[in-house]
Amino acid sequence: MPQSACTRSLKIVICLGLSLLSLSFLPSAAMADGSGDPKSVSRDENGKYVDAQGNPTFHVSDDGTWDWYAYSGYRRYHSDCHVCHGPNGDGSSYAPALKDSLQELSYGDFVSTVAGGRVNVTTSQNNVMPSFGNNPNVMCYLDDIFVYLRARSDGALGPVRPEKKEDKPKGYSKAEDSCMGAK
Ligand code: HEC
């Protein structure tokens with residue numbers, strides 16, 4: 001090999017090595033899902049945990065206690081969604097794993113998809129996401145279901161049943177009654 005070509009290829013190797021090294025020193029991206037950083041910063045008047053953007057989020061204590069919304073969402077999910085989306089948001093051959101979907105979908109996307117439904121016309125099999133807009137058993141508990149799935153998406157909750165949960169917050173029943181009564 002002529003010497004010039006040798007030094008050139010040596011340079012490339014060194015250069016590549018250095019840039020790979022600098023890449024590994026970059027700060028790792030902040031944990032975020034389709035709605036942004038899921039960290040809870042406060043609670044609203046109904047006792048729901050919210051993130052810095054004001055979106056509903058989960059709160060799992062160090063001892064494994066689930067917040068009420070995540071617990072309620074677990075139950076609602078398993079009564080109205082799991083037949084298609086699989087247990088624990090893990091997906092099925094018919095419908096996508098919502099724990100993965102929430103990595104991309106924002107809270108607003110989630111709400112509009114569940115309320116309006118969706119028909120996939122691009123595949124040969126006709127997979128239908130029904131519209132739940134007129135179903136108070138789902139619409140009055142959308143935030144609960146979202147909170148549960150967000151916790152699944154973030155890995156804060158495993159594919160498990162809730163063992164310990166927070167008490168039902170004071171404002172929760174009032175909001176629930178007025179939503180169910182207003183159907
Ligand atoms: C009858 C079966 C069925 C039921 C019940 C059902 N879904 Fe779906 N859902 C689907 C299918 C199929 C899709 C994918 C549609 C498509 O490919 O466009 C979907 C898509 C979605 C999406 C969009 C996912 C993405 O990656 O874009 C969300 C969010 C969703 N469903 C939430 C729910 C929730 C919450 C419930 C329970 C209240 C529920 N679904 C109940 C079949 C169902």
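Remember, predicted model here, so these are calculated numbers, not experimental data. Both counts, for ligands and for their atoms, begin at 1 and track the order of listing. Only this structure's heavy atoms are used, side chains among them; waters, hydrogens and symmetry mates stay out.
Protein heavy atom at the shortest distance from atom 22 (C) of ligand 1 is Thr113 CG2, 3.7 Å. Looking only at protein heavy atoms, the nearest one to atom 11 (C) of ligand 1 is Ala95 CB, 3.6 Å. With hydrogens left out, the protein atom closest to atom 41 (C) of ligand 1 is Phe132 CE1, 3.5 Å, a heavy atom. Atom 1 (C) of ligand 1 has as its closest protein heavy atom Cys84 SG, 2.7 Å. Looking from atom 14 (C) of ligand 1 to the surrounding protein, the closest heavy atom is Pro96 CD, 3.5 Å.
With hydrogens and angles ignored, the 3.5 Å screen pairs no side-chain donor or acceptor of Arg150 with any backbone N or O of Asp33. At least one donor-acceptor pair under 3.5 Å links the side chain of Tyr94 to the backbone N or O of Val128.
Open room surrounds CG on Asp62; 12 or fewer heavy atoms of other groups in view lie less than 6.0 Å from it.
Close approach of ligand 1 to Val138 is summarised as follows: ligand atoms under 4.0 Å from at least one heavy atom of the residue are 38 (C). Taking every heavy atom of Tyr94 and a limit of under 4.0 angstrom, the matching atoms of ligand 1 come to 2 (C), 12 (C). Near Asn127, the atoms of ligand 1 lying under 4.0 angstrom from a non-hydrogen atom of the residue are 12 (C).
You'll find the ring centres of Phe146 and Tyr107 inside the 6.0 Å limit.
Annotation: Arg118 places an N or O atom under 3.5 Å from an N or O atom of ligand 1; distance criterion only. For Ser101, a nitrogen or oxygen atom sits less than 3.5 Å from a nitrogen or oxygen atom of ligand 1, counting backbone and side chain alike. Close N/O approach between His85 and ligand 1 is found [any backbone or side-chain N/O within under 3.5 Å].
At least one N/O/S atom of Met129, from backbone or side chain, sits under 2.8 Å from atom 8 (Fe) of ligand 1.
For the pairing with Leu149, the side chain to side chain contact (heavy atoms under 4.5 Å, CB included) check across Phe58, Phe110, Tyr74 returns one residue only, Phe110.
Proximity annotation for atom 29 (C) of ligand 1: of Val119, Asp100, Leu105, Leu105 comes nearest, heavy atoms only. Across Ala115, Ser92, Cys81, heavy-atom proximity to atom 35 (C) of ligand 1 is greatest for Cys81.
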